[in-house]
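Notes follow once the structure below has been shown.
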Amino acid sequence: MTTQLLADLEWRGLIAQTTDREGLLKDLNSKPLKFYIGFDPTAPSLHVGNLVVILVMRRFQLAGHLPIALVGGATGLVGDPSGRNEERTLNDETVVVQWVENIRKQLSKFLDFESNKNPAVMANNLDWTKPVSALEFLRDIGKHFSVNQMLAKDSVSSRLESGGISYTEFSYQVLQAFDYLELYRRDNCRLQLGGSDQWGNIVAGLDLIRKVEGGSAHAFTIPLMAKSDGSKFGKTAGGSVWLDADMTSPYAFYQFWINTDDADVEKYLKVFSFKDRSEIERLIETVAVNPGAREAQRELARELTSLVHGSDQCEKVEAASKALFGQGELKDLDEKTLASALAQLPKVTIDKSEAFPTWVDLLAATGVVESKSAARRIVKENGAYLNNEKISGEDFAPTKENLIHGKFLVLRKGKRDLASVEVI
RNA sequence: GGCGGGUUGCCCGAGCGGCCAAUGGGAGGGGACUGUAAAUCCCCCGGCUCUGCCUUCGAAGGUUCAAAUCCUUCACCCGCCA
């Protein structure tokens with residue numbers, strides 16, 4: 001069972017580095033193993049980048065192991081220097097508390113906390129870090145760390161070369177090591193997973209466990225997601241793709257996945273999909289045979305949107321997507337379908353009694369463009385559409401005749417940026 | 001603490017008294033091609049009540065008909081010396 005887990009992860013390209021592979025395999029095979037991953041609250045929500053690691057966690061749970069989802073209420077206050085070339089700005093304590101709560105809620109969607117066989121549990125490192133005094137920390141934990149070794153870590157040494165590091169962030173690895181020690185002692189947690197940039201921090205924990213408890217545990221890192229064109233995974237023009245529906249709408253989330261490059265879709269399927277291997281291989285085949293159909297992208301988008309936002313939302317969003325991009329006439333959609341499709345888009349409402357503003361004003365009001373100048377530019381450059389029909393002239397204004405079902409207008413900028421107007 | 005160098009539009013980076021909303025590259029946007037892809041090509045890329053006006057070149061003052069460009073003070077960054 002678990003032998004398969006590692007082989008499967010390997011096939012999916014989800015293993016960057018592990019300690020003692022044989023030993024890990026043996027431990028995983030002998031009994032359900034407690035393992036943990038930490039998420040620091042550095043934003044109000046998790047984003048698709050975090051999803052890589054979260055789903056690996058899910059895979060471990062599905063294989064029968066016991067996940068501990070750790071939220072970094074303490075470490076989030078300090079700031080991890082890994083993978084950063086400059087100091088983080090500290091966030092306010094009350095803000096971090098809120099973020100911890102958000103992240104906790106999001107994580108609970110991906111793991112099973114109810115299972116009576118191997119339920120997941122939550123932890124917050126603030127619980128055991130806060131009570132420790134600075135003196136205790138320095139004497140009981142700090143004493144086991146060699147500054148020489150700490151300086152040698154990538155996260156620190158690269159920062160020493162690029163402008164320096166504060167004592168606060170320098171101490172981060174000690175805090176994370178302390179977490180691992182705590183979970184090892186308390187729950188016999190013997191495996192920590194993390195992104196490959198976490199290797200140094202995880203290993204610091206292993207050292208601490210060995211020195212303090214004479215015990216041994218494992219480290220397992222997951223490659224950081226990279227896109228084939230070198231750009232950063234999980235970012236769009238609008239910024240990060242968040243898991244929070246208020247920050248990235250389910251529609252935008254779906255669009256993110258469906259717009260996956262052909263060159264990346266194989267990798268994404270392997271990393272994100274829970275379909276079995278033969279199905280994934282079939283989908284990869286379709287990319288080679290009939291790339292234009294984009295079946296793989298569609299399946300990927302559907303699976304991930306369902307997972308993150310629920311299958312109900314996913315269906316709505318898919319319907320919206322089809323209606324708005326499909327070859328069908330907008331007018332042919334029944335009012336209900338159209339309304340739910342439009343509900344997914346940026347929207348502006350105007351009063352029945354008012355005169356219609358210009359297309360330019362409407363688009364600017366939806367927030368799809370940043371300024372009226374930008375909206376004018378779109379018209380000038382021939383990228384302005386009303387109800388999927390091209391319009392021209394900067395002072396073009398819709399009329400009553402353009403309303404669909406007597407109340408809707410669909411604005412489009414370029415090929416795929418849509419917004420809606422409702423008259424009430 | 002002393003001396004020197006720097007701070008320019010989303011990012012990098014030219015400009016060093018008028019021809020500057022400011023060269024160039026990247027990112028981003030529109031168009032063509034296609035598949036709501038990639039690559040390529042063309043165009044755009046501070047704002048507005050848009051043949052003009054307004055606000056930008058670390059901050060605040062000043063010199064000048066005219067300043068991103070000169071002067072003064074302040075803040076931050078980077079070197080060298082202590």
Side-chain angles (χ1 to χ4, degrees), chain A residues 84-87 89 159-166 226-241 248-269 283-302 304-305 317-328 330 341 344-346 355 357-361 363-386 388-397 410-419:
Chain A
R84 291 214 137 211
N85 51 18
E86 53 184 31
E87 191 81 9
T89 43
R159 277 282 290 280
L160 290 176
E161 284 157 26
S162 70
I165 182 168
S166 68
K227 280 179 55 174
S228 54
D229 64 3
S231 63
K232 209 168 176 219
F233 170 76
K235 299 268 185 197
T236 62
S240 291
V241 178
T248 297
S249 72
Y251 177 81
F253 187 85
Y254 181 87
Q255 289 296 321
F256 167 76
W257 294 104
I258 207 152
N259 281 317
T260 302
D261 293 6
D262 291 359
D264 288 317
V265 73
E266 169 170 352
K267 191 183 340 174
Y268 288 9
L269 280 170
L283 287 170
I284 292 167
E285 185 65 18
T286 66
V287 179
V289 175
N290 185 9
R294 292 177 312 128
E295 184 181 351
Q297 279 91 335
R298 221 172 292 280
E299 283 299 319
L300 182 68
R302 179 180 295 161
L304 272 295
T305 307
V317 162
E318 255 193 300
S321 193
K322 273 186 198 143
L324 297 166
F325 281 105
Q327 53 280 50
L330 284 168
Q344 299 291 335
L345 303 174
T358 60
W359 188 95
V360 165
D361 286 337
L363 189 75
T366 62
V368 167
V369 288
E370 276 166 11
S371 66
K372 286 184 192 173
S373 297
R376 275 189 206 103
R377 223 173 279 137
I378 299 300
V379 178
K380 215 179 300 171
E381 290 173 347
N382 234 350
Y385 298 80
L386 176 69
N388 283 347
E389 281 177 39
K390 193 166 283 191
I391 60 124
S392 60
E394 284 181 26
D395 35 13
F396 175 90
V410 179
L411 309 180
R412 192 169 109 215
K413 166 182 94 88
K415 276 186 187 170
R416 55 185 141 129
D417 219 354
L418 295 143

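Note on naming: letters A, B, ... go to the chains in the order of the sequence lines (proteins, then strands), and numbering restarts at 1 for each one.
Comparing B:rG29, B:rA38, B:rC44 by their nearest atom to the side chain of A:Lys413 picks out B:rG29. Considering only the side chain of A:Ser321, B:rU36 comes nearest among B:rU36, B:rG31, B:rC48. Side-chain proximity of A:Asp261 to the nucleotides B:rC43, B:rG35, B:rA38 is greatest for B:rA38. Of the listed nucleotides (B:rA37, B:rU36, B:rC44), B:rA37 has the atom at the smallest distance from the side chain of A:Asp262.
Annotation: B:rA39 and B:rA14 have their C1' atoms spaced 30 Å apart (nearest Å). Separating the C1' atom of B:rC10 from that of B:rC74 is a span of 28 Å, rounded to the nearest Å.
Smallest separation of non-hydrogen atoms from A:Tyr268 and A:Trp257: CD2-CZ3, 3.9 Å. Heavy-atom minimum distance, A:Thr260 versus A:Gln297: O-NE2, 3.0 Å.
The shortest distance between the side-chain N/O atoms of A:Tyr385 and the OP1/OP2 oxygens of B:rG31 is below 4.0 Å. Taking side-chain N and O atoms only, A:Lys415 has no distance below 4.0 Å to OP1 or OP2 of B:rG31. Note on A:Arg377: a side-chain N or O is less than 4.0 Å away from OP1 or OP2 of B:rG47. Look at A:Ser371 and you'll find a side-chain N or O under 4.0 angstrom from OP1 or OP2 of B:rC48. Contact annotation: A:Lys372 reaches the phosphate of B:rU49 (side-chain N/O to OP1 or OP2, under 4.0 Å).
Base-pair partner of B:rU7: B:rA75 (Watson-Crick or G-U wobble, both distances under 3.5 Å). Base pairing analysis places B:rG1 opposite B:rC81; the two distances defining the Watson-Crick or G-U wobble pair are each below 3.5 Å.
A:Val379 places none of its side-chain heavy atoms less than 4.5 Å from the side chain of A:Leu363. Here the side chains of A:Asn290 and A:Glu295 are not in contact, with every heavy-atom distance at 4.5 Å or above.
Between A:Ile378 and A:Arg416, the residue anchored closer to the 5' end of RNA chain B is A:Ile378, taking for each the nucleotide with the nearest heavy atom. Residue order along RNA chain B, read from the 5' end via each residue's closest nucleotide, puts A:Lys390 first among A:Gln255 and A:Lys390.
Nucleic acid contact class of A:Gln297 (heavy atoms, under 4.0 Å, all strands): base. Looking at heavy-atom distances under 4.0 Å, A:Gly383 makes contact with sugar-phosphate atoms alone, never a base.
Applying the side-chain hydrogen bond (donor to acceptor under 3.5 Å, both in side chains) criterion to A:Arg302, with sequence neighbours excluded, gives A:Glu299, A:Glu318.
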All N/O pairs under 3.5 Å across the protein-nucleotides 53-56 of chain B interface:
none

